[in-house]
S.K.: 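Mind looking over this structure? Questions follow.
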Amino acid sequence: MTVEGEILLEARSLRKEFGGLVAVDDVNIQIRERTLHSIIGPNGAGKTTLFNLLSGMMRPTRGQVYYRGRDITNLPPHRIAHLGIGRSFQITNIFPNLTVLENIRLAAQALGKDNFRLFRPAGSFRQYEEKAYAVVKRVGLQGREFDLALNLPHGDKRKLELGIMLAGEPQLLLLDEPTAGMSSEQVPALLEIIHSIMADGDKTIVLVEHRMDMVMSISDRITVMHQGQILAEGTPQEIARNQTVQSAYLGELYGDLAADLEDKDGQR
Amino acid sequence: MLGVVGYTSMGQTAFVRTTLSGLTLGALFFMVAAGLTLIFGLMDVLNFAHGAMFMLGAYLGWQFFTNPTFLFGLAPLILALLAPLFGWLFARLEIPEALQKSAPSLLGLAGVVVVFLAVRGLDILDLAKTAMVATMTAADPLAEATPQEALSIFWLRTAGMFIAGALLAMATSRPGDKTRTVHTDQVRRALIGAGVLLVFTIVATLFREAAPRAVLLWDANLRFFAALLVGALLGAGIGGAIEVTLIRPLYVRPIYQVIVTLGLAYVLREVIQLLWQPLAYQMSRPPLFSQPGKAENIFEWFRTNSVTVDVLGVTFPSYRLFIILLGVLMLVALALLMNYTRLGMIIRAGVQDRQMVEALGINVQRVFTLVFMLGAGLAALGGIGAAPFIPVQPNMGDAFQLQAFIVVVIGGMGSYGGAAIGALLLGLARAFGDYLALKYSLSPAIAEASTVIIMAIVLLVRPAGLFGRKE
Amino acid sequence: MGNDNILEVESIHTFIGQFHILEGVSLQVPRSSITVLLGRNGAGKTTTLKSILGLTPPRHGVVRFDGQEIQGKPAYEIAAMGIGYVPEHRAIFRNLSVAENLKIAERKKGDLDRKADFIFSLFPDLKRLYRLPGNHLSGGQQQMLAVARALVADNQLLLIDEPSEGLAPILIEQMMETIRNLSATTTVLLVEQNFIMASQLAENYYILDDGKTVHQGKMADLVQDKELIHRMLGTAVRSGGAG
Amino acid sequence: MATTKTETQNLSLKRESPLNRLRKEWAGVLILLLLAAFPFLFAWFSGTSVTDGPSRFWQGLMITFFIMAVYAMSYDLLIGYTGILSFGHAAFFGGGAYTMALWLTHAVPVISSRYRITLPGGANITEVVLFVAGILLVVLVVTLLGLLFSAASARVRGVYFAMISLAMAEALHILSKATDFVRWTGADEGLHGVPVPAWINPTQNRLLFYFVALAFALIMYLLVRRIVDSPAGRVFVAIRENESRVRMIGYNPVVFRSIAFVTAAVIAGLAGALFSLWNMSATPTMTGAIMTINALIMTILGGIGTLVGPILGAGLMQIVGQFFYQWFGPRWPLVFGLIFIALVIFLPYGVIGTWRQKRYAWKRAIQKMFGKG
Amino acid sequence: VQQVTPTAEPTQPPAPTQAPPPTQAPTKAPEPVQTEEPVVELGPVLKIGQIGQLSGALALYGLQQTRGFELGLEYASGGKTDEAGRYIIANRPVEVLVRDDEGNPEKAVQLARELIEKDGVEIIQGPSSSASAAALTTVALENKIILMVDPAASAFITGQYFNPYVFRTSRTNYDDVLVIAKYLVENVGSKFAHIGIDNAFGRGSGAALAYAVAQYGGEVIADIYAPLETTDFTPYIQQAMDSGADCLFLTWAGTGYVTLFQQLGDLGALDQMQVATGFGDNASFAAVYGAAVGQIGLNVYHYTAANTEINKWLTEKHLEKYNEPPDLFTAGGMASALALAAALEKTGGDASGDAMIPALEGLKFEGPKGTYYIRPEDHVCLQPMNILKLVDINPPLDDKGRPTYKFFETVYVTKYDELAVPCTLTGEYESRCGDLPRP
Ligand SMILES: Nc1ncnc2c1ncn2[C@@H]1O[C@H](COP(=O)(O)OP(=O)(O)OP(=O)(O)O)[C@@H](O)[C@H]1O
Ligand SMILES: Nc1ncnc2c1ncn2[C@@H]1O[C@H](COP(=O)(O)OP(=O)(O)OP(=O)(O)O)[C@@H](O)[C@H]1O
Ligand SMILES: CC(C)C[C@H](N)C(=O)O
Ligand SMILES: [Mg+2]
Ligand SMILES: [Mg+2]
């Protein structure tokens, strides 16, 4: 298991209300460096909303977000991206009419210093293109570089979604259901990518996911959300055994998962 | 508040008259905007031909009111050409694979050629001109409602149009389209529809000479209200045709709708100028609003039908009060429609995902067409309602169209109530703006700019308009 | 034949554009049962549902609903005969409120009022969200809404496409429960990749591959046939969970 | 920002030798040569003088075409590349035209009657200096306009912005025809007989003006091509595709939209200024909605999201329009409109877009036929 | 002043965008003994570009202008044509190319350039709109080509927009008001309100009105301009009524005229004050002047008012060709043709601007209204103007069923040199005015 490091990201009594609805209810959460931290919880628990707050997409009603000790609560999303926080979306969010390569190249270019070069061809900035190729390879989209993104099968779109995020070389990755809509056959490939990211050694991942077997097998820590609040937090084993979690989220069908997990851990 | 200030600083007469003038303008704006709230506000179609529909309504209504010879003369031909409505009659036709690709264009071309042959030598222009000349008050319209062409020849034309219609129907039946099948029910319905159409065509052909004379013998007031109806119905019909042929293929490409409707506005304007010459006409007011003299109040007007009415001590044309009334009626009709039917909801859903709405058992396509027809019909109704008040000319709709867009945006897309308030706002702003600008020796252009400024302010404060739904 | 099958599909062929997607799919769905359609990604399951409904009308073959031939009718007529549809990826109307999303599915005036209690009892969440616009719902809430929408009108047949997608485990269970309850009154034709779910719900199964029905039978038998499962459905089966 | 080194680099993605480039761009170069030779070729074929009669007229037509092409191109930068539906483009064009015309009519005579600017050698360059100052003024004015538009676009989106932009242009239009300023702008009639400096005066030297316009179009084309191809240009396209995602990967779309607006405004404004020189006038038509609609039509007709498209669209509209007028008389817009509608329905991606698509299909068909060429 | 339709001649569509059909003219001209004349070698064809507004609000004026011009050529040539049916003036066959500027100055300029450059036109005649005329003056100067203005009436054309190539046979705003000002001040009152189109024509008229009534001790106390496309005149009328003027002078043209007049009636302005305006074209009478029977008004031309040989010829020809008598600006079109023809005869067919200027300056010629005189200083064309009394708005048809439009009793017709039209040149040309009256 990876070593737990410093606190990288921290939310302090973060709250988001939509009209009367409290989607995120005074959440305190700490993400430590170089961990894979999963957030699970029933639908509507507020996971995506929490991501939206952390990445600057939405402004919290109240509360703060700190990144490496710095208050980033009200920074616009592009500034937050520049700090090294990347995110992927639950609903695929790519540039449909651009090629795969261009999708990723744009993301690679975003954090460079050449965005405002108006009179030099983009192609002459080799560094971004090279980086883009590297990312394409990493997410396994070789051979499709020049396909338009909208023509990709769903699974590949999810990979591209990931690639766009990776190209920005974020330190902290917020992944919102990366397997959403993928068939089970495609999941292992994705797991592979996640593993390789963690293998870099300097990355931190926050993952939202409903596939329990996957969550249980790869997470260092798991936070369970329910109705906007944090219900429990702990290691996968702790969570799997947690009665509250079982009744609120996992249900009977997965009751035996805990036992399952014990073996798996051994193998890893 | 503003009213009080205006009242005291302007003096009663000026204030009342300017207010009434603003209300008339507001009503006119609303008449155009009413249809636009449906087409633009709900269906998201940036319809730049809406002003042209207004103009078309005015021409058709005016022509019907003063001398409908032209309209009746044309009716059989147009009816006969409607066959493509029943295109699916031919959907079961099996066509050799090799021909499938070229068949539609060949058939379509053949159809167009037959249309051309059928109307060749028929002086539609002349027909229009006789009818038009008769509209000059000096001449006797009855005298001009003359027969145009021997029935024996005219039959041939009608038949030709029918054949053309059938050819076009075949062309639009998408021969060889593998993604399509047709249920026996549909074919039966198409057959019935086509039969009804045939009967209508025959009737229209037989009565094309008698009908205009009969209409001209009606009481002029009756003729005026009939003209309102006819203008609106024809407008709706044309709107339907436009939706089916031009708009429907483009729901997936909204910008191109802009372009097509722009082109259409162009074409309609040119066609009008071709038929009625590039001139301007003034439609006379129906007798109901044109008896000499002044009524002391509305009630007296019911008796006298005089041309002006005294409103709060101000002389005001009775027809303009009628325009205000027409605007209010349109609002009421729209409110009833939108509140008591599910139209609005269906359209908003359909804009987003047509297939799903269909899967719920709703004929989306028909709803869209209906709504477009309704919008176009309202514009046409506005046009004919306005015709006795403003000159009937090819670009009469343009200024109103721009205002109507602004009205819809101010009110918030899809909100007819918002559109009404927007129209009122713009109308009053315009009238008072003009008044004040003149008073302070500024040009009225400055007042014209006020509408634009109002919109900018509204949108900057409320980006979705006054009553718009937030996205 | 006849009356015991509410839906009969006989060797339909469907094209999308130039692509021949279904090349002979046949199904029989007995009344008041749950029938599940299985198959790999891209096998043509969704297309089959759409063909039944007339959204992608079949070029050849027969679809019989309640004894009546319906192939070639426009989709809205077919749906109005009493078929409810829960599409994959939910397809709820994002710019309509939850209430409107339900209201629009009414076929008769007052449908919703009659069914409201029933629907809220199945999905209590929706009551709370009733006035929210559809795009404010979380992924799972949208899925519930999509199912609820199909229940508003009186449907004799429900076509449900992958209802478990993106649902939290506990909700998958609830969803199963719901569908089981529904089948008491309505017939359900279900497409489901989550084999655990499918196997626990359905009585009959059909397996599609490459646009053709390749296997059919009683679910009870299929569960025994591990080899077939593996061959036809790939790894889909094991990864349980929300897979 | 461009250094000398980058200037020599290729415009397309890969670095290539100049020779290679020429080979790739031979069609463009050929067209350019043809255009440059056009006045002489035309005169030669029609057997008329280069400076008179029909030659002169056709040069005029081509000048309008060049200017309109640039204008349409600037519009495409917004609608085609950045995905902003603006109905206020005439404000930039008209703004440029009016600025230039007002400057030349009202400021230049006064200034040059009071001051003289000479080179050390004694040559009088007042006129040139003032002319250049006029161009800078145009750039300044339309830049401000562009910023105004982009500020509005930061607040409202989609059709709402389309309407706001329409309204803003309309406001300018109203100003341009307001009687209050009749002494300066000529109100409804506009400014006519603008005193264009003799050395660039289109009536005195049409041929020279032809080349000025051609050079202008060429430079603008290369410029826009560069911009579109630059890192920033790529971001424009990304904004068109998915703005919220652009923000999430670390770009500030407001800034990039402003850049797009200002560039489009400056290019359109310069086109407008040249147009006012060419017509020696500035009229309310140039700020009116028709002007915007023309841009839209030219862009869509030729092909949205391409650079050659708008140019071609401008050509179709100017040149083909001229022929239509000759063939069909004053009702020619009827025919034009019908053809136009047919094109939009049947060539959904404009002339260029459709050609590109078909070209690909043809290529494949041929490959198939000859078993993988 | 205008309205509405090409009355009663369904067979003759007013689509005069091509040159007049060459085949029809010769048969109808007073057939000269062409064949017997000694064959003279004809000079090159002289192309005249005629720009008029053939669509939109002023469309009827364009029509009258083109018909008048053609008849003028016929008259001036004595009906002599070449084999293509072109009238021969100064030994040159004249071809007229008609274009529609839609009342848009920019379009007018474009068309003029095209005519000059592509078609080799040597003289421009027209247009209907003063705004277009103002714009065309620069084209005339650029190309050193004569611009013969008619019917555009703004005084600015021979005022601030003047250059030596600009001539006119149209009256100016000053003619309009000077002819009636005395009568109005003496009989109606001294306080005037003015509602005019917000363009060169209207503003020119406003300036002229102020000048003219001041001559007799009157005063314009409200000078109001409304855009040409105005549909609701309420605020303008309200303003005029508020001003307390005795007399409202209207300067309007085109279709909006009917609307304006109607609204004046509706809002009670006609009861409150006297309204004065030019009597407009024949077709609009019934619609516009219903309430004005018995009133006195000014008029530019009405065929019943002019008692000249040329007018008789014109009326006859016009009736014969178009089934109705000539209209408001038919005479103007004809006068333009006559003036040009006279000058061309003088120059021996040389149509170049520099040759024509001396020939036209100071030209005195007989036209349909009587004697016209082109002032050499500012090229203003002095001409007779009418004061008419409206007696009947529904005059009977003639024996052939054609309208007669006999609305008027002639009160007075001025001689060309009777009205002291001021010289309004400005800037570098101001000194040309010499001792002409100045505003
Ligand atoms: N823009 C919004 N406006 C109003 N309510 C919202 C909005 N976005 C989300 N919500 C509500 O906030 C709650 C949390 O939603 P969120 O999308 O964060 O859930 P989630 O945990 O990601 O669920 P899922 O697993 O289904 O995606 C839900 O009840 C949802 O309806
Ligand atoms: N619009 C389309 N154009 C071309 N091919 C399509 C289209 N829609 C679907 N297909 C193809 O049709 C086949 C069947 O698709 P369908 O959606 O029915 O599969 P499915 O069994 O529902 O798969 P999944 O499990 O992924 O939902 C697939 O190969 C797909 O690629
Ligand atoms: C009387 C009209 C011929 C005057 C014309 N309307 C003009 O603008 O000058
Ligand atoms: Mg979520
Ligand atoms: Mg599917």
Side-chain angles (χ1 to χ4, degrees), chain B residues 40-41 44 46 48 105 245-246 249-250 252-271 273-274 278 398 401-402 405-406 408-410 412-413 437 441-456 458-465 468 471, chain D residues 79-80 83 85 87 151-152 155-182 187-188 284 289-290 293-294 296-297 299-301 304 328 330-350:
Chain B
F40 172 48
D44 285 352
L46 260 171
F48 275 87
S105 23
T245 52
L246 297 181
L250 297 178
V252 280
R253 298 187 281 140
I255 291 191
Y256 291 80
Q257 285 175 345
V258 176
I259 298 293
V260 155
T261 53
L262 270 175
L264 187 68
Y266 235 66
V267 167
L268 286 179
R269 215 167 15 231
E270 292 298 325
V271 167
Q273 299 190 33
L274 198 69
D398 296 3
Q401 172 171 302
L402 178 64
F405 270 124
I406 295 181
V408 173
V409 168
I410 288 184
M413 305 270 284
S441 305
L442 294 168
S443 78
I446 304 296
E448 205 180 327
S450 71
T451 59
V452 166
I453 294 167
I454 290 177
M455 161 155 111
V458 167
L459 281 197
L460 290 178
V461 176
R462 294 185 61 102
E471 296 291 315
Chain D
I79 190 173
L85 184 59
F87 286 151
R155 183 98 175 105
V156 286
R157 286 295 143 76
V159 281
Y160 286 99
F161 175 72
M163 287 295 127
I164 277 255
S165 59
L166 180 65
M168 290 198 291
E170 199 59 21
L172 196 74
H173 177 61
I174 289 170
L175 277 188
S176 71
K177 62 173 197 188
T179 325
D180 310 64
F181 314 108
V182 62
D188 233 11
I290 298 281
I293 289 175
N294 281 347
L296 188 67
I297 291 178
T299 310
I300 301 260
L301 208 57
I304 196 169
F328 302 108
R331 293 279 79 79
W332 71 271
L334 178 58
V335 186
F336 189 78
L338 286 173
I339 294 180
F340 175 74
I341 290 178
L343 279 182
V344 174
I345 299 255
F346 296 113
L347 296 188
Y349 304 98

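FYI, side chains are in, hydrogens and waters are out, and symmetry mates aren't considered; it's all heavy atoms of this structure. Lettering of chains follows the sequences in order, A, B, ..., and the numbering in each one begins at 1.
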S.K.: Quick one: what part of B/Val458 sits under 4.5 Å from any heavy atom of chain D, side chain, backbone, both or neither?
M.R.: neither
S.K.: Verify whether the ring centers belonging to D/Phe87 and B/Phe405 lie closer than 6.0 Å.
M.R.: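 So the answer is no for these two rings.
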S.K.: In chain order, what residues pass the ring-ring contact (aromatic ring centres under 6.0 Å, His included) check against B/Tyr266, with sequence neighbours excluded?
M.R.: none
S.K.: Side chain, backbone, both or neither: which part of B/Val408 has a non-hydrogen atom closer than 4.5 Å to chain D?
M.R.: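 Answer is neither: B/Val408 stays 4.5 Å or more from chain D.
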S.K.: With a 4.5 Å limit on heavy-atom distance, are the side chains of D/Leu301 and B/Ile259 in contact?
M.R.: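 Sidechains of B/Ile259 and D/Leu301: no contact.
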S.K.: Just by distance, do the side chain of D/Asp180 and the backbone of B/Leu442 share a donor-acceptor pair under 3.5 Å?
M.R.: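 Checked: no pair found.
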S.K.: Between B/Ile453 and chain D, which part of the residue has a heavy atom less than 4.5 Å away: side chain, backbone, both or neither?
M.R.: neither
S.K.: Output the option from B/Gln273, B/Glu270, B/Met455, B/Glu448 having the highest count of non-hydrogen pairs under 4.5 Å with chain D.
M.R.: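 Most heavy-atom pairs under 4.5 Å with chain D: B/Glu270.
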S.K.: Checking D/Leu166 against B/Leu402 for the side chain to side chain contact (heavy atoms under 4.5 Å, CB included) test, could you report, in this order, the C-alpha distance in whole Å, the side-chain angles of both residues, the deciding distance, and whether it holds?
M.R.: CA-CA 9 Å; D/Leu166 180 65; B/Leu402 178 64; 3.2 Å; yes
S.K.: Does any N or O in the side chain of B/Tyr256 come within less than 3.5 Å of the main-chain N or O of D/Ile300, such that one atom is a donor and the other an acceptor?
M.R.: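 Between the backbone of D/Ile300 and the side chain of B/Tyr256 there is no qualifying donor-acceptor contact (under 3.5 Å).
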S.K.: May I ask you to name which of D/Gly158, D/Ala171, D/Pro333, D/Ala289 has the most heavy-atom pairs under 4.5 Å with chain B?
M.R.: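 Of the candidates given, the most pairs with chain B belong to D/Pro333.
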S.K.: Might you point out which heavy atoms bring B/Thr245 and D/Ile345 nearest each other, and give the distance in Å?
M.R.: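 Result for this residue pair: O-CD1, 4.2 Å.
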S.K.: Looking at chain B, which one of D/Ile174, D/Ile304, D/Leu296, D/Thr179 has the largest number of heavy-atom pairs inside 4.5 Å, strictly under?
M.R.: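 Highest number of pairs under 4.5 Å: D/Ile174.
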S.K.: If you round to the nearest 0.5 Å, how far is CD1 of B/Ile406 from CD of D/Glu170?
M.R.: 7.0 Å
S.K.: Give, as side chain, backbone, both or neither, the part of D/Ile79 having an atom under 4.5 angstrom from any heavy atom of chain B.
M.R.: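 Contact with chain B: side chain only.
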S.K.: Please report the closest heavy-atom contact between B/Val452 and D/Ala167, naming both atoms and the distance.
M.R.: CG1-O, 3.0 Å
S.K.: At a 4.5 Å cut-off on heavy atoms, which part of B/Leu262 comes close to chain D: side chain, backbone, both, or neither?
M.R.: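 Just the side chain, heavy atoms under 4.5 Å.
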S.K.: When rounded to the nearest 0.5 angstrom, what distance separates CG in B/Leu46 from CE in D/Met163?
M.R.: 5.0 Å
S.K.: Are B/Asp44 and D/Val159 packed together at the side-chain level, in the sense that at least one heavy-atom pair is separated by less than 4.5 angstrom?
M.R.: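 Contact flag for B/Asp44/D/Val159 side chains = no.
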S.K.: Can you see which heavy atom on D/Arg155 is nearest to which on B/Leu460, and at what distance?
M.R.: NE-O, 2.7 Å
S.K.: Could you report the tightest heavy-atom contact between D/Leu338 and B/Val267, atom names first, then the distance?
M.R.: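 Minimum heavy-atom separation between D/Leu338 and B/Val267: N-CG2, 3.6 Å.
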S.K.: Name the region of D/Leu85, side chain, backbone, both or neither, that has any atom closer than 4.5 Å to a heavy atom of chain B.
M.R.: side chain
